[in-house]
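Okay, so here's the structure we're looking at.
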There are 2 protein chains.
Amino acid sequence: MPPKSDPPARRNPAARRPTKRHATIRDVARAVGASVSTISATLNGTDYVSAGMRARINKAIERLQFRPNDLARSLRLQRTHTLAIVVPDISNSFYAEIIHGIKDYGAALNYTLLIGDSRERWAEESNYLDLFQRRRVDGVIRVPATDDAGGHAHRLLGDIPVVYADRFPQANDEQIGCVGVDNVKAANDAVRYLISLGHERIAIIAGPLTARSSADRIEGYRRALAAQHLPLRRDRIRSGVFDMVAATREAIELLARPDRPTALFCGSNITTLGALDAVQQLGLRCPEEISLLGFDDFSWSTLLRPRLTMVRQPAREIGMTAARVLIDHIEERTRQVAGEHLLPTQLMIRNSCAPPLQNAPAAGRRGRRAPGRPS
Amino acid sequence: MPPKSDPPARRNPAARRPTKRHATIRDVARAVGASVSTISATLNGTDYVSAGMRARINKAIERLQFRPNDLARSLRLQRTHTLAIVVPDISNSFYAEIIHGIKDYGAALNYTLLIGDSRERWAEESNYLDLFQRRRVDGVIRVPATDDAGGHAHRLLGDIPVVYADRFPQANDEQIGCVGVDNVKAANDAVRYLISLGHERIAIIAGPLTARSSADRIEGYRRALAAQHLPLRRDRIRSGVFDMVAATREAIELLARPDRPTALFCGSNITTLGALDAVQQLGLRCPEEISLLGFDDFSWSTLLRPRLTMVRQPAREIGMTAARVLIDHIEERTRQVAGEHLLPTQLMIRNSCAPPLQNAPAAGRRGRRAPGRPS
DNA sequence: ACGCGGCACCGAAACGTTTCAGTCCGCGTT
DNA sequence: AACGCGGACTGAAACGTTTCGGTGCCGCGT
């Protein structure tokens with residue numbers, strides 16, 4: 001006997017839903033005694049309709065509370081006029097700003113936005129990518145989760161165009177659209193600023209290396225140190241950190257040792273907060289005993305004490321650019337969605353960074369002193 | 001001559017898109033030499049399919065990278081399995097948490113979530129409601145924008161079920177589903193706590209009265225004062241404040257006057273931040289010179305100095321409950337989506353509240369002293 | 001010999017749009 | 001008188017699913 005097949009399992013026996021929920025275009029047509037195609041024509045202004053007819057139709061639409069069914073429309077049009085984005089954490093104001101940027105740019109061109117929150121988990125992200133594909137969105141913007149398996153997961157989207165924002169895939173051999181900032185330059189600038197204050201023992205807490213942006217920031221850090229012939233110590237580089245508690249743990253570990261760094265450079269806004277937490281837990285005075293320099297500014301960063309010095313990314317602009325690149329490609333104004341779009345960063349100097357204490361056992365060269373308003 | 005009608009304006013002359021973007025169920029059928037209905041049956045497990053056939057179909061699905069078109073599916077099914085929410089500010093972690101709650105509950109039942117951000121503007125919100133209706137979502141959760149015109153805007157949704165979260169419409173004559181907290185009780189508790197510390201001059205910065213929750217918090221404040229026979233002064237009640245700068249302005253105004261309050265009760269997390277900003281700008285020491293008590297806890301509130309004492313709302317649970325109520329109604333397990341679902345709040349005592357300074361010119365009764373660990 | 005019920009499959013009609021190819025009419029030109 | 005043409009409107013075929021009513025087939029009990 002061949003293996004028995006499944007029990008039929010009829011979908012839902014009692015799910016008969018006889019109530020008509022919405023007026024259709026056909027209802028409108030019947031109401032004014034016109035044909036369906038005429039209604040469609042007046043709705044979209046796509047063919048001649050006399051003024052009288054138009055008035056009657058609009059009246060009927062109003063009366064029947066008719067709202068066109070976008071599902072049917074998209075099905076027919078093979079276009080959903082929808083963009084989708086998946087971010088690792090919707091409540092991170094940095095990503096929220098990116099979302100706003102996309103939304104604003106898209107709204108002007110009549111696109112709507114589907115938002116996914118992967119919580120930094122590839123499993124959830126791939127769910128969203130699948131969903132986006134089933135919903136036939138016109139384009140996707142990814143801020144890939146850090147445990148992105150393989151990185152070329154854009155394959156999962158069929159031929160739906162993708163652009164990456166903020167975090168770039170490590171291998172960019174195939175031309176993929178990326179929009180963000182020049183992370184090596186930004187990190188380089190930031191660390192050079194710390195060096196200019198006189199710091200020599202600088203540690204970095206960076207994100208996971210699966211994201212090229214993290215690697216780039218480490219690279220910028222490396223270059224800044226090398227340019228001043230400062231030693232590069234592996235134990236001052238912590239990568240793979242993206243959530244707050246991990247950052248706190250790493251920072252405590254870094255700061256507990258005897259030759260502790262005099263400055264800490266953090267690779268994201270939440271890791272900066274984690275580091276701040278660590279500093280406070282250890283009872284260290286910031287910036288006197290430890291300088292803190294973060295990435296991804298946030299709106300309430302000035303409420304913290306000390307007010308945090310941070311590298312600001314133009315989040316809104318990143319979103320808008322991503323949307324522009326994507327939509328341009330969708331509407332075939334540009335051949336392929338490729339290349340990197342790098343936007344400028346800005347070092348927001350506040351007061352979490354100061355020259356290191358004089359009695360610090362800084363072997364070797366004495367650094368030059370720079371303004372950097374202490375306290 | 002009758003008024004000339006519009007120029008025809010053909011939609012988009014060059015928008016011929018001959019490329020087949022996605023494999024359809026029909027392609028799969030052809031590939032395995034079966035009928036469309038058989039594919040559908042194996043996809044949904046809705047009818048008998050032999051094991052062999054199933055295997056071949058799955059292989060073909062894999063090979064063709066077939067993803068079912070949810071648009072067509074929803075159109076046919078008259079169900080989108082989609083919930084939608086519109087919040088006033090997506091980057092406010094309170095709302096982000098609510099969203100997470102909805103998403104988690106919904107995901108378990110295979111619902112997906114559409115997210116809208118109204119930026120506290122009715123115009124944007126109504127756009128979203130319209131969009132939701134055109135997309136035929138199965139249900140909507142609203143956190144209405146503060147300038148909600150009229151409040152019974154749920155009419156705009158046709159007969160799509162709605163539930164309100166966090167902010168309730170002021171007039172709840174018609175039975176509408178609401179899920180949130182008992183705001184009068186929460187505010188009452190909070191103010192009573194302040195009174196128990198010895199405060200007598202307590203001001204409140206509340207949200208707009210168009211949201212009943214704001215009015216309720218004021219009511220709770222009022223009752224707490226009345227219960228202790230403390231005077232209720234209109235000039236210590238500021239309402240209509242929901243953004244940070246407005247809160248700062250109001251707080252400065254409140255704190256600049258000679259008989260300034262010794263404690264400030266804020267109606268939301270961002271207004272609390274605004275007040276904190278004001279306190280810092282004025283150089284007042286908190287909690288010694290001014291106690292601060294806020295609403296809607298947020299995750300990094302412990303990083304601020306002082307660590308803020310706040311009324312915590314169970315945001316995630318609010319989201320989950322809202323989703324539950326809505327889905328129950330959608331799947332007709334419950335007759336109508338109505339009634340209030342109130343969840344418990346929690347007063348997170350940290351150290352932004354302390355007894356007022358002794359030399360304060362507090363006329364009349366001396367208050368009892370309570371623990372409330374100062375500093 | 002017949003009926004019957006479980007299994008495996010198929011065809012076609014929906015769902016609500018858009019669009020293409022007409023049709024019909026009145027008017028101005030050859 | 002024939003023709004062309006712009007304006008106003010219509011019918012029907014898609015778009016990609018689900019589902020309902022079939023239709024065979026096979027084994028079994030009477």
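Quick note on labels: first sequence line is chain A, next is B, and so on, each numbered from 1. Computed from a predicted model, the values in this text were never measured in an experiment.
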Partner residues of [X] under the side chain to side chain donor-acceptor pair (under 3.5 Å) criterion, sequence neighbours left out:
X        : result
B/Asp138 : B/Arg79, B/Thr80
A/His341 : none
A/Glu125 : A/Arg142
B/Arg26  : none

Nucleotide [N], atom [atom2] - distance to [atom1] of [X] in whole Å:
X        : N      : atom1 : atom2 : value
B/Arg134 : C/dT17 : CZ    : C1'   : 14 Å
A/Leu77  : C/dG16 : CG    : P     : 17 Å
B/Arg26  : D/dT18 : CZ    : P     : 13 Å
A/Asn44  : C/dG16 : CG    : P     : 17 Å
B/Arg135 : C/dT17 : CZ    : P     : 14 Å
B/Arg67  : D/dT17 : CZ    : C1'   : 17 Å
B/Arg79  : C/dC15 : CZ    : P     : 18 Å
B/Leu43  : D/dT17 : CG    : C1'   : 10 Å

Legend entry - side-chain N/O A/Thr38 vs D/dT10 OP1/OP2, d < 4.0 Å: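 For D/dT10, OP1/OP2 do have a side-chain N/O of A/Thr38 under 4.0 Å.
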Legend entry - B/Gln78 vs C/dA14: side-chain N/O to OP1/OP2 distance below 4.0 Å: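 So the side chain of B/Gln78 is outside the cut-off, no N or O lying under 4.0 Å from OP1 or OP2 of C/dA14.
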Between [options], which nucleotide gets closest to the side-chain atoms of [X]?
X       : options                : value
A/Asp47 : C/dG16, D/dT10, C/dT18 : D/dT10
A/Tyr48 : D/dA8, D/dT18, C/dT17  : D/dA8
B/Ser40 : C/dT17, D/dG11, D/dT19 : D/dT19
B/Ile25 : D/dT17, C/dG11, D/dC9  : D/dT17
B/Arg73 : D/dT18, D/dT19, C/dT17 : D/dT18

Inset, instruction - Test for a donor-acceptor pair under 3.5 Å between the base of D/dC15 and the side chain of B/Asn69, counting only N and O atoms. - result: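 Answer no: no donor N or O sits under 3.5 Å from an acceptor.
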Legend entry - Quiz item: B/Arg76 side-chain donor-acceptor pair to D/dT18 base, under 3.5 Å: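 Donor-acceptor pair under 3.5 Å: yes.
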Legend entry - A/His81 and A/Asn110 side chains, donor-acceptor separation under 3.5 Å: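 There is no such pair (donor and acceptor under 3.5 Å, judged by atom type) between the side chains of A/Asn110 and A/His81.
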Legend entry - Pair A/Tyr95-A/Asp117, side-chain donor/acceptor within less than 3.5 Å: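 No, because no side-chain N or O of A/Tyr95 sits under 3.5 Å from a partner of the opposite role on A/Asp117.
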Legend entry - Nearest-nucleotide 5' precedence on DNA chain C, B/Ala34 against B/Leu75: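 Result of the comparison: B/Ala34.
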Inset, instruction - Tell me which of B/Arg136 and B/Ser35 sits closer to the 5' end of DNA chain C, going by the nucleotide each one is nearest to. - result: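 By nearest-heavy-atom nucleotide position, the 5'-most residue is B/Ser35.
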Inset, instruction - Identify whether the distance between the nearest side-chain nitrogen and carboxylate oxygen of A/Arg30 and A/Asp27 falls below 4.0 Å. - result: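 Yes.
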Strictly under 3.5 Å: I want the nitrogen or oxygen pairs between protein and nucleotides 24-27 of chain C, one per line.
none

Inset, instruction - Starting at CH2 of A/Trp122, measure out to CG of A/Leu129 and round the result to the nearest 0.5 Å. - result: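 Going from the CH2 atom of A/Trp122 to the CG atom of A/Leu129 covers 5.5 Å.
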Inset, instruction - Any chance you could measure B/Leu64, atom CG, to B/His22, atom NE2, to the nearest 0.5 Å? - result: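 The CG atom of B/Leu64 sits 13.5 Å away from the NE2 atom of B/His22.
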Legend entry - Five-pair end axes of the helix from C/dA1-D/dT30 to C/dT30-D/dA1, angle between them (10°):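 For the helix from C/dA1-D/dT30 to C/dT30-D/dA1, the axes at either end differ by 70°.
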Legend entry - Heavy-atom donor-acceptor pair, A/Arg167 side chain to A/Pro144 backbone, under 3.5 Å: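 Yes, the answer is positive, given that a donor and an acceptor are paired below the 3.5 Å cut-off.
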